[in-house]
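Below is one structure, written out as structure tokens, with a few remarks after it.
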2 protein chains.
Amino acid sequence: MRETPVSPPERKPSRIQTENRQRIRDAALGLFATQGFRGTTLDQIADACGMHKPNLIYYYESKEAIHIDLLNTLMEEWLSPLGAMDPGGDPLEEILGYIHRKMEMSRLYPRESRLFANEIVQGAPRMLPHLESTLKPLFDSQCGIIAKWIKDGKIADLHPAHLIFSIWAVTQHYADFEAQIAVLLPGDDKRARGADQFVEVMFRKVLTP
Amino acid sequence: MRETPVSPPERKPSRIQTENRQRIRDAALGLFATQGFRGTTLDQIADACGMHKPNLIYYYESKEAIHIDLLNTLMEEWLSPLGAMDPGGDPLEEILGYIHRKMEMSRLYPRESRLFANEIVQGAPRMLPHLESTLKPLFDSQCGIIAKWIKDGKIADLHPAHLIFSIWAVTQHYADFEAQIAVLLPGDDKRARGADQFVEVMFRKVLTP
DNA sequence: TCGTAACTTTACCAAATGGTAAAAAACTTG
DNA sequence: CAAGTTTTTTACCATTTGGTAAAGTTACGA
């Protein structure tokens, strides 16, 4: 029995704490991604990670705390490819590289993609501040890089912000709308490669001056 | 008191039935779109359309029935622009026209777009059969039209299915991810026009052989 | 205009759900 | 290994929520 639960931990989290929080996040990620926040119950999360409900609350003070921690934890690694565009590199290859990395993420981390999709579609109730403070500055900076490439005539003259939107839209579509794509384009095996090729060809055409 | 509720109606629905079902659908649409199915309560729907909860159940036998009716009712008008592509028309203008209509729908009917987005992101639990039976044949047929245009050298050689996916992705992104776009690109007034122009230019480049 | 069917409202209910209390078990450390 | 601390488990609880029962009210055709 403890009066003050260990979450949030006063000092350093123990090994068990680190592990179990990770287990919880991993289970919650899949459920939140496909059922949304309200569509997911604590019992489901507990089941999925082989723990009991009160144990979740021992590590996270509420269901919402799990969701928030997930969003915050995943946000930066989700955005990291955007920041990786190098202003000194070859413009066309930098952007195509970014697109390639986004496609890879859609394939490897569809749960993360859908988690964010759910959050944004529903008006980003828990992420708006984070979008303002973290995404916006990065976005503006990368738009600036693209604008310069355009001014230098290295790539086609397109509105940088809308260009990034279209990249996000197309690449994340493959993760977020997979259920639909699976119906319309059966034949699992080579779908990913076909998508990669298409996106590469499409954006190369778009970006070439 | 009635033993057999009037839903589903045995014969022809009365004027009041038609009106009230419409009121319910309209209220439910906005709520399901931004909160998802499980995130929306019957009380919220009742509130939003100025009715009492049991009254909803008088017109729809369950919350799920409202959701299903919404999806079915909106599906065909949502898809109608795709079917409107004319195999006899000018290929480039037909596709660009379709894109234009999709952008318009994103602007005019964001709730419908988000309703479907929610449904698909969550694995289309209530729409999979409908996708198979209604969307798939239409999709295949329109892919066929595009394939022929490609074979005739009228537009660039791109995988028709992925082309349509990219059109859906980009156009619907403006409705589904509006919360994010509003943060990244403030200044409401000319955002829609900028988006329209961008998308037009982008796909014209992509489609031109 | 009157009777009946259609519609609305009030008062409920059972199950699900987020969360708590506190005892039991396991682990750590002097 | 003993004492204290952390972690897990069992038993609950209050609220929310989808839905029902049934009485009250309105609309409408004969």
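Computed from a predicted model, the values in this text were never measured in an experiment. No hydrogens, no waters, no symmetry mates; every other heavy atom, side chains included, goes into these values. Every chain is numbered from 1 and lettered A, B, ... according to where its sequence line falls, protein lines coming before strand lines.
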Closer than 3.5 angstrom, by distance alone: can the side chain of [X] be matched with the main-chain N or O of [Y] as a donor-acceptor pair?
| X | Y | result |
| --- | --- | --- |
| A:Lys136 | A:Leu131 | no |
| B:Thr40 | B:Gln35 | no |
| A:Arg21 | A:Tyr59 | yes |

Cation-pi check, B:Arg126 onto B:Phe37 ring (under 6.0 Å, within 45° of axis):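 Yes, a cation-pi geometry holds between B:Arg126 and B:Phe37.
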NZ or CZ of B:Arg191 within 45° of B:Tyr174 ring axis and under 6.0 Å: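 No.
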In whole angstrom, give the distance that lies between atom [atom1] of [X] and atom [atom2] of [N].
| X | N | atom1 | atom2 | result |
| --- | --- | --- | --- | --- |
| B:Met51 | D:dG19 | CE | P | 15 Å |
| B:His52 | C:dC12 | NE2 | P | 16 Å |
| A:Gln17 | C:dT28 | CD | C1' | 14 Å |
| B:Lys53 | D:dA21 | NZ | C1' | 14 Å |
| A:Tyr59 | D:dT6 | OH | P | 12 Å |
| A:Ile57 | C:dG19 | CD1 | P | 5 Å |
| A:Asn55 | D:dT9 | CG | C1' | 8 Å |
| A:Tyr58 | C:dA26 | OH | P | 15 Å |

Those residues of residues 34-49 of chain A lying under 4.0 Å from DNA chain C by at least one heavy atom: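 By residue number: A:Thr40, A:Thr41, A:Leu42.
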Ion pair B:Glu19/B:Arg23, N-O distance below 4.0 Å: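 Looking at B:Glu19 and B:Arg23, the cut-off is not met.
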Nearest-nucleotide 5' precedence on DNA chain C, B:Ile16 against B:Pro54: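 Residue closer to the 5' terminus by nearest nucleotide: B:Ile16.
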Any A:Asn20 side-chain N or O less than 4.0 Å from OP1/OP2 of D:dT8: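 Answer yes for this pair, as a side-chain N or O of A:Asn20 is under 4.0 Å from OP1 or OP2.
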